[in-house]
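Worth saying up front: this structure is predicted, and the values here are computed from it rather than measured. Read the numbers this way: they start at 1 and go in the same order the structure lists the ligands and their atoms. In what follows, every heavy atom counts, from backbone to side chain, and hydrogens, waters and symmetry copies are set aside.
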Amino acid sequence: MSASQFAALGLGPAIIAALDDLGYEQPSPIQEQSIPLLLAGKNLLGVAQTGTGKTAAFALPLLNSLDPHQQSPQVLILTPTRELAIQVAEACQSYARKLKNFHVLPIYGGQEMGGQLRALRRGVQVVVGTPGRVMDHLRRQSLDLAEIRAVVLDEADEMLRMGFIDDVETILAETPDSAQRALFSATMPAAIQRIATNYLGNAEEVRIQAKTRTVERISQRYLLIGNHQKLDALTRILEVETFDGMIIFVRTKSSTVELAEKLEARGFAASALNGDLSQQLRERTVNRLKNGQLDIVVATDVAARGLDVERISHVVNYDIPYDNESYVHRIGRTGRAGREGNAILFVTPKERRLLGSIEKSTRQSITEMQLPSGQQVSEQRVQQFRQQLLATLETEDLDRFKTLVAQICNEQEVDSLDIAAALVYQQQQERPLFPEFRDPPPARERPARERERSQDKPRRERSPRPRDENLPPMELYRLEVGHQHGVQPKDIVGAIANEAEINSQYIGRIEIHDDFTTVDLPEGMPRELLAHLRKMRVRNHPALLSRVAAGQEPQPKPRKYANEGPGAKKGKRSFEKAGNFRKDKPGKGSGRAGKKPHRGKE
Ligand code: AMP
């Protein structure tokens, strides 16, 4: 099913084979429009935000057109942040997995130069970089743009906001006039329009049509959540929400299988529905959902097309749909036959803009919901337990069991209440009635007010952020890298934000010592996330993250990166560059030992 749709856009067999491996079922609207134009060599102006599939929209056609014999860089992709550079480079690597001798290199500040220089010397076809670091390489003449055949500006408005626009223009001016150009931006401020006019010539414009469609009788909620926390959030929702049938939408065929398996392992009656399954198997799955043998179907858009099952009380958009059309289509699977329907949408902080555009085009607001707390899950389990217990008391003949309990009570001289409690304890071990959930830190992006303010004021890397009084309590962690390793606060912020998908606003105070660093991170981070963070490298050194026991004070006294007096000058410069956003009043002092939540960084 997938191969034909992507092949119809003009992509070759190697790329199609990679997409098949990845489980892509159909092109997203922005891909449908962009791919043929870029394959035809046209310049492109794409108005698209994160979540629309914009990366594949430019990467697939450009990778498809690579010259396998050219060793010097052929495609240059500029991104505003290190995180995005890595993400785009990884996407290119996965789309080009069937191309021989393919090399892509992400280059960004804060990373050791030596490795980048060596990789560039070895030869790469695609360079994905932040403007500052690309400029560094141009100055050193370690990056040659003479044979660049295509340049992409990804998230151009973000680059403008971050003060990179002059660098971007310089880089564009250095690329050959003949190079193909594509610019993707969520918004089109005047400065971006000007770049488009100056450097894109007669570009074709693609954007997602925002048709207005309304949906009634469906209560719509969204949950702002990091990618790592989606599964935990979903299981909590499944526990506390009263539902009949449910469809969970994901983007790829492989995710349908993965997620359905994980839900089954957690005791839910779930199954996957995707375009790889035979028609017969798909029909069987739908019938099982209809007759209640299954409660949850995890589906792709293609597989769920036209699905009409009355008992679907909930649609969960586990992965955000590419556009409003698809959103309306998906949630229309519930609220059938005059019943009430519920739609829950997972939105990662970066996808907030897409949420806004869905709300705008449906002219309906989607209410924010909170992650069900551990307490709510516990209450729900206790209630179910009570019901089951009462039903057993009412329906089962318990005489023989009563006699047994009475015997034990007599023999052991224990109270029947103790026996009952011990039995409840045993019975709930697999699914604890009082689970120890540690609530993950809330996924938040910077408030809109701050985003707007920083648009007026260009900045090199990060700008001060406001202190959010709702920030969670923090706890202290230690990393085994410090001044000796050339570490700066921005390296720590970048590495953690990137690995943990924690909004950098939630990375607290950073203190860099000679051979180690301490950082405040939100309390109660999930165990898997910590395990993941333990493998993190900073400036190419293993960071070996560990928690500092409460009350323990790291020694020796650190050099502080804060505006704390004349001695802090050097540190302060790094601090500003890294964009630490401590808003403490001058003279407040460090207060490190107090272990009060620190809501900013130094
Ligand atoms: P983007 O909007 O480029 O940030 O893409 C968001 C996510 O959608 C990424 O995880 C992609 O792997 C995924 N994605 C993009 N295009 C498709 C597609 N046609 N089918 C399935 N997943 C896709």
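Ring geometry for Y24 against Y95 counts as perpendicular: the plane angle is over 60°, on a 0 to 90° scale with 30° as the lower cut. Between F184 and F58, the ring-plane angle classifies as tilted under the 30° and 60° cut-offs.
E25 places no side-chain N or O within donor-acceptor distance of the main-chain N or O of D301, the cut-off being under 3.5 Å. At least one donor-acceptor pair closer than 3.5 Å links the side chain of Q125 to the backbone N or O of N101. Formation of a donor-acceptor pair under 3.5 Å by the Q180 side chain with backbone atoms of L38 is found in this model.
Side chain to side chain, E283 and Q279 meet the donor-acceptor criterion of an N or O pair below 3.5 Å.
Protein residues with any heavy atom under 4.0 Å from ligand 1: F6, Y24, Q26, P27, S28, Q31, T50, G51, T52, G53, K54, T55, R251, T252, Y322.
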